[in-house]
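Taking it in order: structure first as structure tokens, then the write-up.
Both counts, for ligands and for their atoms, begin at 1 and track the order of listing.
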Amino acid sequence: MFIDLHTHSNASDGTDSPAELVRAAAAAGLDVVAITDHDTTGGWEQAAAARLPTLGLIRGSEFSTQVKAGGYAHSIHLLGYLFDPQNPAVVHEQARLKAERLRRGLAIVERMVQGGLPITAEQVLEIAGDAPVGRPHIGRALVASGVVASVDEAFASHLSGRGPYYVQKVDTDLKVAVAMITAAGGASVIAHPRGRGERRALSAELIGELAEIGLTGLEVDHPDHGPSERAELREIAAKHHLLTTGSSDYHGHNKKLVLGQESTAPEVLESLIAATSGVTEPLVG
Ligand code: AMP
Ligand code: ZN
């Protein structure tokens, strides 16, 4: 069984439509793929309509969360799986985050326009379509306008969190998000817990506290983790009886990652499904 539990479609900031993502996952030889768009399950219906007999589909979402430490809100991504997408708290929070992403995306674009960059809000909104606005959409506008050659280059320069155009968004408190996913019958897994500066906010102690309030696992095998990060996370997971998953974090053409680049063991997926309360089942053909 070849399992990838973290992928993005153009329902958030990937470039494949949900149906294209399903076909690409099958072509990559995957047996199971989870669709985990940022702050939305909006791609699910289209993905489910394109389902194939050979590919299990898992509905998920990557929630934007934050941990306050040292007077600063650190961004932590939390993967939720098989939660009830109609759960009122989830629906409310995803709507709030979509509005917050729009506000913040427009604020970044305004700073760029004032700085003389040749992009417009309309251009970014057209690229985003119905998806919650993310920096990769702005990156694609910068590429289309000839400011940078690639979205990667945009992230290294104009979109950098340390750059002059950056505006923070107000994300969900991490503990609140874990509790919310648990209450909605889902499983929760911290995405790339050592990938992008999370270490400053996400101590082993905090992971232990999250395990006590329902956290299901840690995404250990992720392209942003080296051998030492993986070893550390495996140790923390073992101590707190957390599952360890592996996934590509595929974004289509926005990032140079391939489906199935990292994968999850079948027995881990079984335990993850067992941790949910069966509100939604994984969908096969
Ligand atoms: P945002 O959520 O709007 O702050 O944008 C951050 C998201 O952009 C991350 O969650 C990744 O999905 C994506 N991202 C980060 N780095 C890159 C990159 N170099 N190229 C494309 N997408 C990226
Ligand atoms: Zn992701």
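Note on Val170 and Leu78: separate hydrophobic clusters, where clusters join Ile, Leu, Val, Met, Phe, Trp and Tyr whose side-chain heavy atoms are under 4.5 Å apart, directly or indirectly.
The proximity of His77 to ligand 1, defined as any non-hydrogen pair under 4.0 Å, is limited to the side chain. The part of His251 lying near ligand 1 is the side chain, judged by heavy-atom distances below 4.0 Å. The proximity of Asp249 to ligand 1, defined as any non-hydrogen pair under 4.0 Å, does not occur for either the backbone or the side chain.
Residue-ligand proximity, Gly134 to ligand 1, at heavy-atom distances under 4.0 Å covers atoms 3 (O). For ligand 1, the atoms closer than 4.0 angstrom to any heavy atom of Pro136 are 5 (O), 8 (O), 13 (C), 22 (N). Below 4.0 Å from some heavy atom of His38 lie the following atoms of ligand 1, by number and element: 10 (O), 12 (O). Residue contact check: Val151 has heavy atoms under 4.0 Å from atoms 20 (N), 21 (C) of ligand 1.
Its N, O or S atom nearest to the Zn ion (ligand 2) is what matters here, and for His8 that atom is NE2. Here the N, O or S atom of Asp249 that is nearest to the Zn ion (ligand 2) is OD1.
No more than 12 heavy atoms of other residues, nucleotides or ligands lie within 6.0 Å of CD in Glu126, so this atom counts as exposed by the packing criterion.
Taking the charged nitrogens against the carboxylate oxygens, Arg23 and Glu20 have no contact shorter than 4.0 Å, which rules out a salt bridge. Contact check on Arg140 versus Asp152 returns no salt bridge, with no Lys/Arg side-chain nitrogen under 4.0 Å from an Asp/Glu carboxylate oxygen. Between Arg101 and Asp171 there is no salt bridge, since no side-chain N of the basic residue sits under 4.0 Å from a carboxylate O of the acidic one.
Scanning the protein for heavy atoms near atom 15 (C) of ligand 1, the closest one is Phe155 CE2, 3.5 Å. Of the protein's non-hydrogen atoms, the one nearest atom 19 (N) of ligand 1 is Asp152 OD1, 2.7 Å. For atom 23 (C) of ligand 1, the closest heavy atom belonging to the protein is Lys255 CE, 3.1 Å. In this structure, atom 7 (C) of ligand 1 lies nearest to the protein heavy atom Asp13 OD2, 3.8 Å. Atom 21 (C) of ligand 1 has as its closest protein heavy atom Asn254 O, 3.1 Å. The single protein non-hydrogen atom nearest to atom 2 (O) of ligand 1 is Arg101 NH2, 3.0 Å, given as residue, atom name and distance. Scanning the protein for heavy atoms near atom 9 (C) of ligand 1, the closest one is Arg196 NH1, 4.0 Å.
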Query raised in the report: Would Asp84 and Arg59 count as a salt bridge (charged side-chain N to carboxylate O under 4.0 Å, His left out) if you check the C-alpha gap in whole Å, the side-chain angles of each, and the deciding distance to 0.1 Å?
Result: CA-CA 10 Å; Asp84 174 6; Arg59 172 165 35 201; over 6 Å; no

Query raised in the report: Given the rule in the side chain to side chain donor-acceptor pair (under 3.5 Å) test, do Ser145 and Gln123 qualify, once you have shown the distances and angles that lead to the verdict?
Result: CA-CA 10 Å; Ser145 303; Gln123 187 186 6; 3.1 Å; yes

Report task. Report the C-alpha separation of Glu232 and Arg199 in whole Å, then their side-chain angles, then the decisive distance to 0.1 Å, and conclude whether the salt bridge (charged side-chain N to carboxylate O under 4.0 Å, His left out) test is met. Result -> CA-CA 11 Å; Glu232 181 203 355; Arg199 184 183 297 278; 3.1 Å; yes

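Between His77 and His192, the gap from one ring centroid to the other is short of 6.0 Å. Aromatic ring centroids of His6 and His8 lie under 6.0 Å apart.
An N or O contact shorter than 3.5 Å links Arg135 to ligand 1 by distance.
Looking at His240, its side chain never comes within 3.5 Å of a backbone N or O of Ala237 through a donor-acceptor pair.
Rounding to 10°, one obtains 90° for the angle at the Zn ion (ligand 2) between NE2 (His6) and OE1 (Glu62).
With atom 1 (P) of ligand 1 as the reference point, the heavy atom nearest to it among Arg104, Glu153, His253 is part of Arg104.
Put simply, the residue from Asp130, Asp37, Asp39 that forms a salt bridge (Lys or Arg N to Asp or Glu O under 4.0 Å) with Lys98 is Asp130.
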